[in-house]
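As the structure lists them, so they are numbered: ligands from 1, and atoms in each ligand from 1. We count residues from 1, following the sequence as given.
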Amino acid sequence: MKVELTNTTKKLCVIGDPVLHSKSPLIHNTMLTALGLNYVYLCQPVPRGGTEEWLRCAKFTGYAGFNATMPHKEALFPLMDETDADARLYQAVNTVCIKGGKVYGYNTDGRGFLRALADLDTTPEGKTVLLLGAGGAARAVALKLVQQGARAVFVCNRTVKKAAALCANDPLGRLAPAGFDSATLRRLAARADLVVNCTSLGMEGTLGQFEDLSFLEELSDGVPVFDLIYAPAETELLRRARLLGHPAANGLGMLVYQAVFALEHFTDTGIDAAAMARLLKPVLL
Ligand code: NAP
């Protein structure tokens with residue numbers, strides 16, 4: 001892709017460790033070019049432990065803002081001058097804007113998930129959710145689901161202690177920790193109105209696969225299955241769900257929408273999210 005640079009081009013980037021695999025530069029530069037905005041978006045490795053030093057660097061070298069991925073999201077939170085409600089909800093920041101020497105922290109992960117869920121004609125309100133995983137992504141999804149009125153979210157994880165720690169973040173007790181064994185997944189699937197996979201099982205480049213997907217057979221007709229993984233485009237979980245007749249979606253929509261919402265913060269511009277999704281999906285596949 002060709003990005004036009006001038007002496008006044010504003011700088012954005014994504015930081016992480018590792019980060020070289022990130023699709024954010026491709027996504028943001030594609031959007032910036034389509035929107036005719038004079039910004040460039042780079043990929044910036046920042047080692048674990050280097051968050052504060054990077055922030056000083058970004059301010060000094062005149063960055064307009066940046067996105068953060070693992071392991072910087074939590075470390076950035078206490079370094080912000082101001083944060084939005086979602087950053088405070090997750091105690092983590094994925095988007096930083098630098099204006100007048102101040103740093104403003106946002107988190108667009110949960111909103112991105114919610115918008116992608118809407119494309120499946122689903123909202124969390126009143127739903128009982130079978131949520132698989134208890135890592136960073138599961139935390140954002142689980143807290144967004146209960147904030148948006150989910151009735152109950154069963155957080156099923158191989159390491160149950162991690163699921164319990166995640167669930168302790170909801171004072172109203174709508175998050176419930178559970179195990180990841182077949183019997184538990186089958187029992188909870190029978191009660192679920194929505195399934196969300198937030199584990200890395202089935203992701204390209206990892207060896208892990210679901211050992212047993214028979215819990216999908218317990219789902220009621222029409223229960224949507226959402227997988228946060230976008231590479232491969234169809235995981236075994238999604239393939240089996242689709243064959244059983246369930247509406248199924250991968251994580252590409254979430255990836256695109258969280259980037260659209262971040263770009264709105266960076267540029268102070270309203271952006272047509274659906275148009276950007278149409279533009280980006282063929283670029284990313
Ligand atoms: P993470 O913090 O490393 O969490 C990984 C989760 O997967 C943990 O719950 C872990 O369980 C579980 N897991 C890993 N191997 C397993 C196995 N063999 N059996 C059972 N469970 C296993 O990762 P993350 O940041 O939350 O990301 C999770 C996935 O979401 C990744 O595939 C990532 O690419 C995707 N993601 C997508 C988007 C998007 O925009 N679409 C955004 C964020 C993340 P334990 O706790 O027991 O280890």
**OP:** Output, in order, the C-alpha distance, side-chain angles, deciding distance and verdict of side-chain hydrogen bond (donor to acceptor under 3.5 Å, both in side chains) for Thr235 and Asn250.
**Re:** CA-CA 8 Å; Thr235 57; Asn250 68 19; over 6 Å; no
**OP:** Could you give me the CA-CA distance, side-chain angles and deciding distance for Asp227 and Asn197, then say whether side-chain hydrogen bond (donor to acceptor under 3.5 Å, both in side chains) is met?
**Re:** CA-CA 5 Å; Asp227 197 333; Asn197 177 38; 3.0 Å; yes
Subject >> Working for side chain to side chain contact (heavy atoms under 4.5 Å, CB included), residues Leu188 and Cys156 >> reply: CA-CA 9 Å; Leu188 296 175; Cys156 301; 3.7 Å; yes
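The single protein non-hydrogen atom nearest to atom 12 (C) of ligand 1 is Thr199 CB, 3.8 Å, given as residue, atom name and distance. Residue, atom and distance of the protein heavy atom nearest to atom 42 (C) of ligand 1 are Met254 CE, 4.0 Å. Nearest non-hydrogen protein atom to atom 38 (C) of ligand 1 is Leu228 O, 4.0 Å. Counting only heavy atoms of the protein, atom 23 (O) of ligand 1 lies nearest to Gly136 N, 4.7 Å. Closest protein heavy atom to atom 14 (C) of ligand 1: Ser200 OG, 3.4 Å. Distance from atom 18 (N) of ligand 1 to its nearest protein heavy atom, with residue and atom name: Arg158 NH1, 3.3 Å. For atom 1 (P) of ligand 1, the closest non-hydrogen atom of the protein is Gly135 CA, 4.1 Å. The protein heavy atom nearest to atom 28 (C) of ligand 1 is Cys198 O, 3.2 Å.
Within the 4.0 Å cut-off (strictly below), a protein heavy atom is located near atom 9 (O) of ligand 1. Contact annotation for atom 45 (P) of ligand 1: protein present (non-hydrogen atoms, distance under 4.0 Å).
At least one heavy atom of Met203 sits less than 4.0 Å from an atom of ligand 1. Not close to ligand 1: Gly208, with no non-hydrogen atom less than 4.0 angstrom away.
Of the N or O atoms in Leu252, none lie within a sub-3.5 Å distance of an N or O in ligand 1. Geometrically, ligand 1 and Gly133 share no nitrogen or oxygen pair separated by less than 3.5 Å. Residue Gln258 has no nitrogen or oxygen atom sitting less than 3.5 Å from a nitrogen or oxygen atom of ligand 1, judged on distance alone.
Aromatic rings from Phe113 and Phe226 are positioned such that their centres are separated by under 6.0 Å.
Salt bridge annotation for Asp268-Lys99: present, with a cationic side-chain nitrogen under 4.0 angstrom from a carboxylate oxygen. For the pair Glu236 and Arg239, the salt-bridge criterion is met [side-chain N within less than 4.0 Å of a carboxylate O]. For Lys144 and Asp109, the salt-bridge test fails: no basic side-chain N is under 4.0 Å from an acidic carboxylate O.
Using a 3.5 Å distance cut-off with no hydrogens or angles, the side chains of Asn67 and Ser24 do not pair a donor with an acceptor. Counting only N and O atoms by type, the side chains of Thr108 and Asn94 include a donor and acceptor under 3.5 Å apart.
In terms of hydrophobic clustering, with Ile, Leu, Val, Met, Phe, Trp and Tyr side chains grouped at heavy-atom distances under 4.5 Å, Leu55 and Tyr41 are assigned to a common cluster.
In Ile229, the part holding a heavy atom less than 4.0 Å from any atom of ligand 1 is the side chain. Using a 4.0 Å cut-off between heavy atoms, Leu201 contacts ligand 1 through its side chain alone, with no backbone atom that close. At a heavy-atom distance under 4.0 Å, only side-chain atoms of Asn157, from C-beta outward, approach ligand 1.
Distances below 4.0 Å separate heavy atoms of Lys162 from the following atoms of ligand 1: 45 (P), 46 (O), 48 (O).
Ring geometry, Phe66 versus Trp54: the interplanar angle exceeds 60°, so the pair is classed perpendicular (tilted spans 30 to 60°).
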